[in-house]
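Heads up, the thing below is written out as structure tokens.
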Amino acid sequence: MGIQFDAITRIFTLQTRHTTYRMQVDERGRLLHLYYGRRIGTGDLAAMYPAANHGFSPDYYPCRRDHAASPDVLPQEYTVGNMGDFRLCCLWVRDEQGAAGADFLYRDHRIAPGKYALDGLPAAHDEDAEAETLCIFLRDEPTGLELELLYAVFADQDIITRAARLRNTGTGALWLDKTASVCLDLPFGSWELIHFHGRHAMERQMQRLPLGDAVTTVASTRGASSHHHNPFVILCEPDATEDAGLCYGVMPVYSGSHRTDVEVDQNGLTRLVTGIQDQGFCWKLRSGDTFTAPEVILCCTAGGLGELSRRYHRFLRGNVCRGKFRFARRPVLINNWEATYFDFDADAIVSIAQKAADLGVEMLVLDDGWFGKRDDDNSGLGDWYVNQRKLPGGLDPLIGRIKDLGLRFGLWVEPEMISEDSDLYRAHPDWALTLPGRDPAMGRNQLVLDLGRPEVADYLLGRLTDLLERHDIDYIKWDMNRNMSDVYSRALPPDRQGETAHRYMLGVYRLLETLTTRFPDVLFEGCAGGGGRFDAGMLCYFPQIWCSDDTDAVERLDIQYGTSFGYPVSAMGAHVSACPNHQTGRTTPLWTRAVVAMAGTFGYELDPHRLSAEECGEVRRQIETFKKYYDVIHNGAYYRLSDPARQRRWAGWQFVTETESLVSLVLTRPEANARPLHLCLRGLDENALYRVQALEVHVCQATPELAGSRASWTGAVYSGSTLLYAGLTLPPLAGDWPCAQLHLIRLLPGGH
Ligand code: GLA
């Protein structure tokens, strides 16, 4: 059993393969957090948290004389503001008198096989029936507010998911000013915070910070999880490395504005609180209403950052992504965006498809500009009808021509947005989020639809269902190209305006839930100006998400490095684009662009007519290479080999399965009088033998020295321990961003 309850001590223990999570209902009925970390046995953990009597830390009322317990000192499981715990709180709730507070006391609990479900919110699933659920029921008597804390234990994966549900069983209304999902108290130890910040076209830059004495916040107020602060953080021991050290991952399954705060209290306890952003949020909970705070995926491992990442990769792919595409090989696609932008017609698209098909591409994706009046980004969003000038006769003739080439067909949409210059806006100006009496702030000359309104979501559902039912579409790229401002819903009364942003997310989720269920054979790729909504919530509907609008291979090294901490390569949309690169102006070797895109879903985003005959040959070989290595890339375990904060000379990563391994390396800084290019591999079986099946080195100009060394590599046999601990020195690489791929085959016992 992964979940145990001791009725005498009232201790809950959640046991995974390598970790233990423990809570206790104290004698007053409050739920204390006792421990989360490496797997432990029995012992009185409550004794670790003595009745510290601190000045200015209040006592629970019955303890006012003996100071036996203070809410401000004890580790807590879910905290409420204004109740004597001055640290970060999860919940700030007011009643009709304006009185804030709730004191939740234990009522009951339930342990059951399987995983809980959350109404209206994305959450991890348990298709392989491995989870167990614990629900703890607590109640605040004066308000009648009930709190249900939900835990699902995936013991084999060392994953625990959590969520919280609030139900107003009282007679009056309540207002939730802040409703976080999870509080994680680490009473002892010192921790560093790893978070992933960035900007448009430079998402998820990894930063590691010591926790100081100030509260640290990782948050978005943009109505989207954002390019700027990804909703995923790690707390790790200061000496944690890729291979060792205790690490905790905290990943909200939410795509809207979020907030994670970390505070170190006066006793050295580290508290992390995460959930929906509270700025601008206020939810009115009428009598009988329920509010659910989004799920959070927790993982703890003593195996270092690499192990933490691999646990998230496996869990997100197997238990967050859904449907047939979670494990399926995705088609190698070509997207016309950087080839044509808005300037295309049917012939131009077919001609791209024709050339791409000849190179081995499997799907053509028609990007922005095929609908409404859409020759630039100033108009047309909302009018999801074919632009007959560009595509005479509609989508079907075009799709027919693409399919005749043997390709699948994909289409771009941006349903959540509306252009002022659109028929939809002219008919329904009140469907856009704008403030009464003010000009709205514009982003990409478009406004955000009020998706919390059922009629808006229904309109989109109708249009998209129509598109997918009437046309033979295999793939949808679902984009979202501005952040939310002027948040005000014309459909809500004044005292419910604070619900608008979250209702929007619920509307998006409902729409995606319906569409992905209705069209299980359509592959959906998420996008938000690149990776502006790259989060676990979106991964419940989109098994892949466009990583970034920055397609420069060298910039992508850092973007994909940061992304890899939480997200699997099967989720990372990555394409080879033209050079000079459209975002940075940089020219990188075509092979390097491919090797970087192979650490993702792999595809092309260029005009194939502009490739030389030699480059066409390269593209053919790239696609063959990706297909050859597909299994080890997408099904293998992912190991980071380099850390850009420590050395900028090269970037490397490695995929490993039981039978093979693929090492990829890009030289980022050539050196004069170069030092040896030495690396130790990871993830191999130290007792096995590996044969070098291929060493592909791609440089601008191969030196004779390089050609010779390449030949001598192939067929060489090494023990796993040699590759792990002595390492390898690669042939010298020089020039602008050359790359290498080293393919190893594990030999069967007997050396075959
Ligand atoms: C966003 C996407 C791009 C492209 C454009 C189209 O920026 O990230 O890939 O689809 O929109 O307008």
Side-chain angles (χ1 to χ4, degrees), residues 198-204 222-228 230 255 330 333-344 348-349 352 363-384 387 390-391 409-419 421-422 442-448 473 475-484 523-535 538 542 544-553 555-556 559-560 563 571-578 581-584 593 597 600-607:
R199 60 184 194 274
H200 173 235
M202 195 31 116
E203 298 87 338
R204 291 172 299 287
R222 295 170 170 268
S225 50
S226 87
H227 305 84
H228 303 73
N230 194 258
S255 317
R330 322 281 166 66
L333 65 82
I334 187 157
N335 178 305
N336 73 304
W337 178 241
E338 289 195 14
T340 65
Y341 295 102
F342 294 102
D343 185 16
F344 61 83
I349 297 301
I352 288 174
M363 180 163 76
L364 179 285
V365 175
L366 176 57
D367 210 278
D368 196 353
W370 60 268
F371 53 90
K373 187 182 120 202
R374 186 79 173 162
D375 293 324
D376 52 37
D377 57 16
N378 294 323
S379 58
L381 293 172
D383 299 342
W384 299 108
N387 180 317
K390 289 186 191 174
L391 305 178
F409 178 77
L411 195 64
W412 179 97
V413 291
E414 194 183 353
E416 299 161 60
M417 300 291 151
I418 183 165
S419 305
D421 184 1
S422 67
M442 297 301 283
R444 216 189 183 204
N445 227 334
Q446 62 198 49
L447 295 167
V448 182
I473 295 171
Y475 157 111
I476 287 285
K477 177 177 171 188
W478 183 292
D479 212 338
M480 191 274 223
N481 277 316
R482 71 155 286 177
N483 287 144
M484 212 185 262
L523 169 62
F524 284 80
E525 173 157 352
C527 180
R533 218 167 44 179
F534 203 119
D535 57 67
M538 283 296 145
F542 306 143
Q544 59 192 62
I545 300 176
W546 183 226
C547 222
S548 177
D549 273 350
D550 188 346
T551 59
D552 177 302
E555 300 271 278
R556 275 293 185 118
I559 296 170
Q560 294 176 196
T563 308
M572 288 192 221
H575 299 164
V576 175
S577 63
N581 178 267
H582 291 199
Q583 292 81 38
T584 62
R593 285 175 258 158
T601 54
F602 194 67
Y604 290 82
E605 180 124 0
L606 44 70
D607 183 351

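The model shown is predicted, which means the values in this text are computed figures rather than measured ones. Atoms considered below: every heavy atom in the structure, side chains included; atoms not considered: hydrogens, waters and symmetry mates. Read the numbers this way: they start at 1 and go in the same order the structure lists the ligands and their atoms.
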Show which atoms of ligand 1 fall inside a sub-4.0 Å distance from at least one heavy-atom site of [X].
X    : result
G529 : 1 (C), 7 (O), 8 (O)
C527 : 2 (C), 8 (O)
N481 : 1 (C), 7 (O), 11 (O)
W546 : 8 (O), 9 (O)
R444 : 6 (C), 11 (O), 12 (O)
G530 : 8 (O)

Among D479, N335, D367, which one has a heavy atom closest to atom 2 (C) of ligand 1?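 Among D479, N335, D367, the closest heavy atom to atom 2 (C) of ligand 1 belongs to D479.
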
Given D550, D368, D549, which has its nearest heavy atom closest to atom 7 (O) of ligand 1?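 Of the listed residues, D549 has the closest heavy atom.
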
Salt bridge check: are [X] and [Y] linked by an N-O gap of less than 4.0 Å?
X    : Y    : value
R556 : D550 : no
R593 : E605 : no
D375 : K390 : yes

Does atom CG of D376 have more than 12 heavy-atom neighbours, drawn from other residues, nucleotides or ligands, at distances under 6.0 Å?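 It does: D376 CG has more than 12 such atoms within range.
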
Does the pair E555 and T584 meet the rule for a side-chain hydrogen bond (donor to acceptor under 3.5 Å, both in side chains), with working shown? CA-CA 9 Å; E555 300 271 278; T584 62; over 6 Å; no

Quick one: look at [X] and ligand 1, take heavy-atom pairs under 4.0 Å, and tell me if it's side chain, backbone, both or neither.
X    : value
D377 : neither
K477 : side chain
H200 : neither

Using distance alone, determine whether E605 and ligand 1 share an N or O pair under 3.5 Å.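 No, since none of the N or O atoms of E605 sits under 3.5 Å from an N or O of ligand 1.
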
Indicate yes or no: does an N/O atom of A528 lie under 3.5 Å from an N/O atom of ligand 1?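 By distance alone, the answer is no.
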
Verify ring pair (Phe, Tyr, Trp, His ring centres under 6.0 Å) between W337 and F342, making sure each step is shown before the conclusion. CA-CA 8 Å; W337 178 241; F342 294 102; 5.2 Å; yes

Would you say T340's side chain and N336's backbone share a donor-acceptor pair under 3.5 angstrom?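 Here the side-chain-to-backbone pair exists.
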
Expected output: side-chain N387 to main-chain K373 donor-acceptor under 3.5 Å: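 Checked: no pair found.
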
What distance separates D552 CG from H582 NE2, expressed to the nearest 0.5 Å?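 Result: 11.5 Å between the selected atoms.
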
